[in-house]
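Notes follow the structure.
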Amino acid sequence: MKKDSVYTLGIETSCDDTAASILLNNKVLSSVISSQDIHKLYGGVVPELASREHQKLITPVINEAIIRSGIDKKQINSVAFTRGPGLLGSLLVGTSFAKSLSIGLDVPLIEINHMQAHILSIFIDSDQKPPNFPFLALTVSGGHTQFVIVKDYFEMEEIGKTLDDAVGEAFDKSGKIIGLDYPSGPIIDKLSKKGDPNAFEFTKPKVEGLNFSFSGLKTGFMNFIKKESLVNKDFIKNRLNDICASIQSTIIDILIEKIVSAVEITQIKDIVICGGVSANSMLREKTISLGRDNKWKVYFPEIHYSTDNAAMIAVAGYLKYKESITSDLSCSANARYKI
Ligand code: KG4
Ligand code: ZN
């Protein structure tokens with residue numbers, strides 16, 4: 001089964017992005033992502049609409065990924081797909097499609113854990129040298145916030161997680177409160193650049209160990225905005241950049257404090273920060289400068305592989321294929337698939 005040139009098709013449908021990618025070993029030949037704009041109308045992902053959109057988009061997206069890669073579909077050596085965690089209806093679309101393709105092309109089917117794939121995206125071919133094992137990973141996305149010790153490609157141990165909202169939700173829900181579009185994370189990041197991070201102060205949650213909590217912060221933020229808007233109805237409009245910079249800086253400070261604790265507790269100084277929120281510019285700047293001061297090595301996946309994409313699914317598939325780890329047709333989508 002082992003070959004020098006392995007072509008992997010990766011399929012990602014865990015949430016609201018329909019994505020497909022072709023890799024030659026760990027090098028990306030194509031990566032196509034179709035984001036479902038329909039959810040913007042509702043200020044968040046509507047699960048039923050997401051699965052219907054995946055159903056519509058999956059064939060053209062996979063087709064486009066194959067065309068852009070320049071290979072023939074007969075050259076594909078394996079089909080890797082997101083088994084979970086995610087929205088069940090969305091996962092079912094990708095899972096069923098991957099199964100039929102693996103039968104049609106007569107190649108192995110490889111199930112991938114979405115959160116492992118976010119971490120393994122650091123092994124996609126790039127100018128950056130990948131970390132050595134063991135390393136610490138912080139996955140920060142719209143659905144998850146977790147600390148993981150990565151002992152090997154597929155040997156991972158969770159050592160901390162959010163007890164309620166994910167950090168991406170903290171960004172998105174705060175954005176919704178001040179009338180920003182979904183997903184608000186990137187918009188808050190952009191507006192913050194023109195604002196003062198010390199303009200307003202928000203109470204940070206006190207959570208033991210390496211766990212997180214963001215729901216109290218969201219409630220505090222909502223109450224603050226309501227109170228200030230009663231005094232001045234144009235408060236949000238007049239102070240939008242300062243509001244964004246202040247909430248962003250509070251959220252990022254929470255992450256930074258926990259990263260410092262995680263290094264202290266584990267004594268591991270190689271840190272991978274991945275998932276959608278790792279695209280945040282303040283998080284990048286602060287951790288890179290902390291890394292410089294403390295002699296940590298901080299790694300970020302390339303920005304276009306930080307948010308949901310299928311290249312990370314394909315690279316995880318390639319790594320499994322090399323170790324002859326494949327799945328059979330009985331494997332089913334798992335919305336709560338553990339890392
Ligand atoms: O990993 P991802 O694309 O999807 C999930 O698996 O959830 O993460 C999406 C999350 C959203 O909450 C989005 O607001 C957030 O990542 N995000 C950001 C930035 N870019 C994406 N949050 C803060 N700053 C950003 N630049
Ligand atoms: Zn994700």
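Just so you know, ligand 1 is whichever comes first in the structure, and atom 1 is the first atom listed for that ligand.
His118 counts as a contact of ligand 1, since one of its heavy atoms falls under 4.0 Å from the ligand.
In this structure, atom 14 (O) of ligand 1 lies nearest to the protein heavy atom Asp172 OD1, 2.7 Å. In this structure, the protein non-hydrogen atom closest to atom 22 (N) of ligand 1 is Gly185 CA, 3.4 Å. The shortest contact between atom 15 (C) of ligand 1 and any protein heavy atom is with Val277 CG2, 3.9 Å. For atom 20 (N) of ligand 1, the closest non-hydrogen atom of the protein is Gly276 O, 3.4 Å. The protein atom (non-hydrogen) at minimum distance from atom 7 (O) of ligand 1 is Gly142 N, 2.8 Å. Protein heavy atom nearest atom 24 (N) of ligand 1, with residue, atom name and distance: Asn280 ND2, 3.1 Å.
In this structure, Phe135 has its ring center at least 6.0 angstrom away from the ring center of Tyr299. For an aromatic pair to be called close, the ring centres must be under 6.0 Å apart, and Phe200 with Phe235 satisfies this.
Counting only residues at least two apart or on different chains, the salt bridge (charged side-chain N to carboxylate O under 4.0 Å, His left out) pairs with a member in residues 196-223 are Asp165-Lys218, Lys204-Glu257.
Near Pro183, meaning under 4.0 Å from any of its heavy atoms, are these atoms of ligand 1: 13 (C), 14 (O). Taking every non-hydrogen atom of Gly168 and a distance limit under 4.0 Å, the qualifying atoms of ligand 1 come out as 12 (O). Of all the atoms in ligand 1, the ones that sit under 4.0 Å from a non-hydrogen atom of Thr307 are 3 (O), 21 (C). Here is the list of ligand 1 atoms found below 4.0 Å of a heavy atom in Ser141: 1 (O), 5 (C), 6 (O), 7 (O), 8 (O). Residue Gly143 approaches ligand 1 through these ligand atoms, each under 4.0 Å from one of its heavy atoms: 7 (O).
Between Lys286 and Asp253 there is a salt bridge, with a side-chain nitrogen of the basic residue lying less than 4.0 Å from a carboxylate oxygen of the acidic one. Under the 4.0 Å criterion applied to side-chain N and carboxylate O atoms, Glu53 and Lys56 are assigned as salt-bridge partners.
Aromatic ring orientation, Phe133 versus Phe123: tilted (interplanar angle from 30° to 60°).
A side-chain donor-acceptor contact under 3.5 Å links His54 to the backbone of Cys15.
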As a quick check of understanding, evaluate side chain to side chain contact (heavy atoms under 4.5 Å, CB included) for Lys151 and Met156, giving each step before the final call. CA-CA 6 Å; Lys151 298 169 189 167; Met156 302 191 188; over 6 Å; no

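Shown here are the protein N/O/S atoms lying under 2.8 Å from the Zn ion (ligand 2), water excluded: His114 NE2, His118 NE2, Asp308 OD1.
Residues His304 and Glu302 bring a donor and an acceptor atom of their side chains to less than 3.5 Å of each other.
At a 4.0 Å heavy-atom cut-off, ligand 1 touches Asp189 through the side chain alone. Contacts of His114 with ligand 1, taken as heavy-atom pairs under 4.0 Å, involve the side chain alone.
Lys258 forms no cation-pi arrangement with Phe147, by the criterion of a distance under 6.0 Å to the ring centre and an angle within 45° of the ring axis.
Annotation: Asp308 places an N or O atom under 3.5 Å from an N or O atom of ligand 1; distance criterion only.
Counting only heavy atoms from C-beta outward, the side chains of Arg83 and Tyr337 approach each other to under 4.5 Å.
Counting non-hydrogen atoms of other residues, nucleotides and ligands closer than 6.0 Å to NZ of Lys269 gives a total of 12 or fewer.
The two residues Val150 and Ala137 come nearest to each other via the heavy atoms CG2-CB, 3.9 Å.
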